[in-house]
Amino acid sequence: MITLGGQILQSEPEGYATIRPGIVEIADGRIVGLGFGQVSNKVDHGGPDALICPGFIDTHLHLPQFDSIGAAGMRLLPWLQDVIFPAEQRWNDLDFARSMIDRVTGQCLGVGTTGICAYATVDHDATIAALTAFGEIGFRGVIGQVMMDRDAPPPLLRPSEQLVDQVARTLDRFPPDGPMAAAVTPRFALSCSEALLEDAGRLAASHDAIIQTHLAETVAECDAVGKGFGGRDYVDVYDGAGLLTPRSILGHGIHLDSPSQDRLARRGSLIAHCPTANSFLGSGTMNRHSHRSHGIPVTLGSDIGAGFERSMVRVGRAMIEAAMRISIDAGHGVDDRTRIPSAAEAWHQITAGNADALGWDDVGRIAVGRRADLLVIRPDIAWLDSRQPLAALMFAWDDRWIETTILGGRVRFCSA
Ligand code: GUN
Ligand code: ZN
C-alpha cells in the first residue's frame with residue numbers, strides 16, 4: 001500500500017473544481033481508498049502543502065520529434081521536409097530509436113504526463129519498441145506506426161500493403177482495449193495515396209482502433225489537398241476513406257468552415273487542439289469555442305516537436321491565451337467567460353476532459369477504483385492563499401514542482 005497526502009484536486013466539466021485536504025491509498029495499481037480531513041506528515045508522499053492531482057494526458061505528440069523542438073521560422077510543409085523527415089528517418093536505426101524512446105519516457109514522467117496519444121514513425125520495429133517501452137513503464141494510451149506512401153524521402157515511404165500488414169500485426173499485439181494500444185495513424189492526406197487512406201479506414205474499422213491524423217492545419221496544406229484530391233474538401237477526403245469515427249483524433253483542425261464542422265460533429269470525431277504548435281509554425285489560431293459550439297469534442301495536445309512545451313500545464317495555459325487572442329480580436333475582451341476557458345477548465349481539460357473525450361474511464365480523476373496515475377506537486381508559491389489557486393499554479397507553473405509521478409500505482413519519477 002502507498003499513501004499520498006495533500007490537497008486533493010477533483011475537477012468537473014466546465015471548470016468546477018474542489019481542492020480539499022485528504023489521503024489517497026493505492027494498492028495493486030489502483031486507488032483503493034480516498035478520505036478527506038487533516039493531512040499528517042506520516043504519508044509516503046506529499047504532505048499538507050502538496051497538491052495531489054491526476055496525471056496529465058497529452059492527446060497529440062510525436063515521439064521522434066522531441067529533439068526537433070525549436071526549429072523556428074518555418075511553415076508546416078517546408079518544416080516537415082527539412083527538419084522532421086530527417087529526424088524521423090533516424091528511427092530506422094533501432095538502437096537510436098530505443099535510446100531516444102528511453103529519454104522521451106523520462107521527459108514525459110518529469111513533466112507529469114501519464115497518458116499519451118502519440119505518433120512513432122513509419123518504422124515498424126521502432127513503433128513496437130515504443131509501445132513496449134511505454135507499456136512496460138505503465139503509461140496509458142496509444143502509439144501509432146505512421147503510415148506514408150508518398151511525398152517524403154524514400155527511406156520514410158512504404159508500399160500500402162506492407163503498412164497495412166505491419167499495422168494489423170501491431171494491432172493484434174497491442175489491442176485497442178489494452179492500456180497501451182496501437183493506433184491507426186495515416187500521417188495526413190498529403191502523405192497518403194487515396195488507397196492508403198481507405199486501407200487505414202478499413203483497418204481501423206475492423207479492429208475498432210483509435211485513428212490519429214492531421215487535419216486542416218495550414219491554408220497551404222488545405223489548398224494542396226484540394227489540388228491532389230480533385231477539388232474535394234479536406235473533411236470529405238477523410239470521410240470518404242472512413243477515417244472520421246468517434247475514435248478519430250484529428251490534430252489541429254484550424255481552417256474549417258461551418259459545414260465541415262457540422263460534418264465532424266455528426267461523425268463524433270475529436271479535434272486535438274495544439275495551441276503551441278499552431279503559434280510556433282504560424283499556422284493560425286484554432287477557435288475552440290466555435291468547434292465546441294458546433295458539437296465537436298475538443299481535446300488538447302502538445303504536438304511535440306512543432307509544439308515547444310512538453311508540459312501539459314503550459315499547453316493548457318496556451319489554450320487560454322489562444323482563446324483570449326480570438327476574443328480580443330473579435331472585440332470581446334479578456335473577461336469573456338463564454339469564449340475563454342478558466343484555468344480550472346484548462347486543468348480539467350488536461351486530466352479528466354481529455355480522458356473523457358477518449359472514453360478512458362479508468363484515468364483522469366481521483367476516485368476509488370481508478371488507475372493510480374497520479375502526481376504529487378509541491379509548489380513554492382502560496383497557491384492556497386490565492387483567490388484562484390489553479391490559475392496561480394497554471395500561470396506560475398514550474399516543472400520542478402512535480403515531486404512524484406505515479407503510473408499504475410508505481411512511483412516512476414521522484415525528485416524528493
Ligand atoms: N502534419 C503532418 N505531419 C505533421 C507533423 O509531424 N507535425 C505537425 N504539426 N503537423 C503535421
Ligand atoms: Zn502532429
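As the structure lists them, so they are numbered: ligands from 1, and atoms in each ligand from 1.
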Heavy-atom distance to atom 2 (C) of ligand 1: which of Gln65, His214, Glu217 wins?
His214
Would you kindly specify which portion of Trp79 sits under 4.0 Å from ligand 1, judged on non-hydrogen atoms: side chain, backbone, both or neither?
side chain
Would you mind naming the N, O or S atom of His214 nearest to the Zn ion (ligand 2)?
NE2
Quick one: does Glu221 get within less than 4.0 Å of ligand 1, heavy atoms only?
no
For His62, the N, O or S atom at the shortest distance from the Zn ion (ligand 2) is NE2
Between Leu190 and ligand 1, find which residue part has any heavy-atom pair under 4.0 Å and reply side chain, backbone, both or neither.
neither
Tell me which part of His62 gets within contact of ligand 1: side chain, backbone, both or neither, using heavy atoms under 4.0 Å.
side chain
Which atoms from ligand 1 have a heavy atom of Ala306 less than 4.0 Å away?
9 (N)
Ring geometry between Tyr238 and Tyr234 (parallel below 30°, tilted from 30 to 60°, perpendicular above 60°):
tilted
Give a yes or no on whether Asp303 keeps an N, O or S atom under 2.8 Å from the Zn ion (ligand 2).
yes
Going by an N to O cut-off under 4.0 Å, is there a salt bridge joining Arg158 and Asp149?
no
Between Arg314 and Asp399 (salt bridge meaning N to carboxylate O under 4.0 Å), is one present in this structure?
yes
Positive for side chain to side chain contact (heavy atoms under 4.5 Å, CB included) with Leu109, one of Val104, Thr404, Leu407:
Leu407
Check the angle between the aromatic planes of His214 and His62 and answer parallel, tilted or perpendicular using the 30° and 60° thresholds.
parallel
Check each atom of ligand 1 against the heavy atoms of Asp303 and keep those under 4.0 Å away; list them by number with element.
8 (C), 9 (N)
Taking 4.0 angstrom as the limit, do Arg150 and Glu194 come out as a salt bridge?
no
Under 4.0 Å from a heavy atom of Leu80: which atoms of ligand 1 are those, numbered in the order shown and with their elements?
2 (C), 3 (N), 4 (C), 5 (C), 6 (O)
For His348 together with Tyr16, are the ring centres under 6.0 Å from each other?
no
So if I count the atoms of ligand 1 from 1 in the order they appear, which ones are less than 4.0 Å from some heavy atom of Phe188?
1 (N), 2 (C)
Before accepting this row, confirm whether a basic side-chain N of the pair Asp356/Arg365 lies closer than 4.0 Å to the acidic partner's carboxylate O.
yes
Of all protein heavy atoms, the one nearest atom 6 (O) of ligand 1 is Arg187 NH2, 2.7 Å
Tell me the contacting part of Ala277 for ligand 1: side chain, backbone, both, or neither, using a 4.0 Å heavy-atom threshold, strictly below.
neither
Assess the residue pair Arg169 and Asp165 against the criterion (salt bridge (charged side-chain N to carboxylate O under 4.0 Å, His left out)); give the C-alpha distance rounded to whole Å, side-chain angles, the decisive distance to 0.1 Å, and a yes or no.
CA-CA 6 Å; Arg169 280 192 277 127; Asp165 177 57; 3.3 Å; yes
